[in-house]
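Quick notes on the structure that follows.
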Amino acid sequence: MSGEISIKGLSKVYRTDDSETVAIKDFNLEIKEGELIAIVGPSGCGKTTLLRCIAGLEEVTAGVISSGSKVFSEPGPDRGMVFQDFALFPWRTVRKNIEFGLEIAGMPKEQRKEKSDKYLALMGLTAFADAQVHELSGGMKQRVSIARALITHPDIILMDEPFGALDAQTRNIMQMELVKLLDKTDQTIVFITHSVDEAVFLADRIVVLTKRPAEIKEIVEVPWPRPRDRASPEFTALRKRILTELENENTLV
Amino acid sequence: MTDYFGFNYDKNNKHHRMIRQALLIVVSLYGFVLLWWIVSLLANSVAIPTPLETWDEFVRLLRDGDVTNYGASVWGYVGSSMTTFLEGFAVAFVIAVPLGLLLGYSKDLRDLTAPAIEVLRPIAPIAWAPILILSIDYVVGPVLVVAIGIFFPLLTNTIFGVQKIDRNLTDAAKTLGAKPYQIFYKVMVPSALPYVMNGVKVGLGVGWMCIIAAELYAPSLGGIGNFLSEQAFMGYWPSVYAALILIAAMGLITTGLAEYVHKIITRRMGME
Ligand SMILES: Nc1ncnc2c1ncn2[C@@H]1O[C@H](COP(=O)(O)OP(=O)(O)OP(=O)(O)O)[C@@H](O)[C@H]1O
Ligand SMILES: [Mg+2]
């Protein structure tokens, strides 16, 4: 395993013919192996851009993102990604979507089936193994896309608002499932969320970003073991503090 | 629920939808035949037979064959045209689809070929008929004319399909470790497929226009278009119109098939 991530001097500028958007500016962050990092920040501040840079999907304007001696300049199966809009393959069944990464790696069919059976069960999707993507609810699609990213066992998992499309109740269930899952693995997870509550519930550290261009406003350590009690005074206090911070950031726009 | 003359139409009821569809087809065809009848009566010309005369001739043609040609079976004519058509389609398909996928994939190649394609595309495929048939031969020529007709709609739709690919899907494949060639055949090809089928549908229509015209330049081919023009030259007008019915039927069968395949693919992809 080499799940640590080192981001040094990262800048990302989107250039079009007549405009320049500085999405990220001189960004530095060290993430330890097995850590669960939540990223919160005002809308449009550059969170997705940051994740795409780590995934190797964007060419960085300046800086280096690396893990040990390995520089992340290209996407690779060592970094799984859960996309904000699921990005499932509509011509594949649920099972074939989940097996995509294994198929790419050339794993034989029986082994693939064995693994996908496990992940289907884990995500409560066994009954929908042969369903087409368009037959699923938003929450199911979400679970398929998480299973698809997890099944290849990447060292690093990047999640872009993984529960953003879910209703509050499914969201809570998914958070609990993720907690159970995470405590069993040593994978590093970086996830973006708009929900401070979710961040405090799940993360080891919360990275609070400024408005665009994204810079780190504060890094909050959350030392409590999971699962956490949302009703506890510390929990509410911390949530409130971060919310206030974000609100200040938003009014500055 | 909509009330049609006391009949409660429920568009969520499958049977209601089927009845509606059947009624629409009947009414539409009935109206068409009626209009034809009126025109033929008003024109009062031998060149415009009534629907009834045409139908009688059609039935006779199927029963007795082409009496101007020792009773040769019209199925032979239909078969000949269908063969030319399918060969032309096959030629267009094996070239246009891979080329379209490639051009959709590579912007450099697309930009390089676009000027040439844009010059060639507006040329009516039928204009190629005399050139290809007289310069090559009576068998390969018509096949190529049909192929040209089908080629361009198929090519442009395939290119469009590849360009329409959701970038998130190719990105997702990349993060799952897919190499460029795997992205090509595991993501681009399947996601362009509905557009390819759309190109097939459009291409088939153009192809049928081409084949009849192509056969005019290849009289010894023995297709339905040859039969049609010979009958017209001899002034056997009901036979001409009976031939039109056969042509329409062949077109319906091929587009119906394409429609069916298209539907299966889009339904599987939830694109309806
Ligand atoms: N491909 C692109 N080309 C040009 N500008 C872009 C591109 N992608 C993002 N941007 C710009 O970069 C900035 C940051 O976008 P990004 O998607 O990273 O924000 P975000 O923090 O994820 O927002 P949200 O919370 O709404 O998802 C925005 O101003 C956006 O308009
Ligand atoms: Mg975003």
Side-chain angles (χ1 to χ4, degrees), chain A residues 48 51-58 72-94 96-107 130-137 141 144-160, chain B residues 12 14 97 100-101 104-108 111 157-158 160-201 258-272:
Chain A
T48 296
L51 219 58
R52 289 178 59 86
C53 286
I54 301 174
L57 292 168
E58 297 287 347
F72 292 159
S73 51
E74 301 262 289
D78 53 339
R79 281 149 291 148
M81 178 135 171
V82 178
F83 290 78
Q84 200 164 355
D85 67 350
F86 322 130
L88 299 176
F89 305 114
W91 56 89
R92 287 176 165 249
T93 60
V94 167
K96 296 281 276 176
N97 260 284
I98 294 178
E99 287 181 359
F100 189 89
L102 306 178
E103 214 179 288
I104 292 294
M107 182 183 281
D130 299 315
Q132 294 297 138
V133 169
H134 69 274
E135 295 165 345
L136 306 179
S137 70
K141 285 181 191 164
V144 176
S145 86
I146 293 173
R148 184 180 66 178
L150 293 181
I151 198 166
T152 53
H153 241 272
D155 300 341
I156 295 162
I157 300 168
L158 309 165
M159 298 173 140
D160 197 347
Chain B
N12 295 319
K14 194 177 166 195
V97 173
L101 291 172
Y105 185 67
S106 157
K107 184 169 156 43
D108 287 335
D111 291 345
N157 272 281
T158 306
F160 182 69
V162 178
Q163 289 182 276
K164 280 279 280 194
I165 288 170
D166 183 354
R167 205 180 71 148
N168 264 327
L169 294 186
T170 47
D171 281 349
K174 280 182 201 164
T175 63
L176 290 161
K179 311 214 172 22
Y181 75 92
Q182 289 170 317
I183 290 173
F184 186 76
Y185 79 91
K186 280 186 192 288
V187 181
M188 295 197 162
V189 172
S191 82
L193 207 55
Y195 298 90
V196 172
M197 275 317 295
N198 198 48
V200 166
K201 276 182 356 192
E259 191 79 52
Y260 181 70
V261 175
H262 189 233
K263 204 165 195 162
I264 291 178
I265 292 171
T266 49
R267 183 171 298 161
R268 231 165 64 93
M269 293 180 60
M271 281 174 55
E272 287 203 323

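Chain identifiers are assigned alphabetically (A, B, ...) following the order of the sequence lines, protein sequences preceding nucleic acid strands; residue numbering begins at 1 within each chain. Remember, it's a predicted structure, so these values are computed and weren't measured experimentally. Heavy-atom basis, side chains included; hydrogens, waters and symmetry copies ignored.
- For Asp78(A), no part lies under 4.5 angstrom from a heavy atom of chain B.
- With a 4.5 Å cut-off on side-chain heavy atoms, Arg52(A) and Asp171(B) count as touching.
- Of all heavy-atom pairs spanning Arg267(B) and His134(A), the tightest one is O-CE1, 3.1 Å.
- With chain B as the partner, the residue from Glu74(A), Gln84(A), Glu135(A), Arg148(A) showing the most heavy-atom pairs under 4.5 Å is Arg148(A).
- For Arg92(A), the part lying under 4.5 angstrom from a heavy atom of chain B is the side chain only.
- Note that the CG atom of Leu169(B) and the CZ atom of Phe86(A) stand 13.0 Å from one another [nearest 0.5 Å].
- With values rounded to the nearest 0.5 angstrom, Asp166(B) atom CG is found 9.5 Å from Phe83(A) atom CZ.
- For Leu88(A), the part lying under 4.5 angstrom from a heavy atom of chain B is the backbone only.
- Residues Val187(B) and Phe100(A) meet the side-chain proximity criterion, which asks for heavy atoms closer than 4.5 Å.
- How far OG1 of Thr175(B) is from CD1 of Ile156(A): 12.5 Å, rounded to the nearest 0.5 Å.
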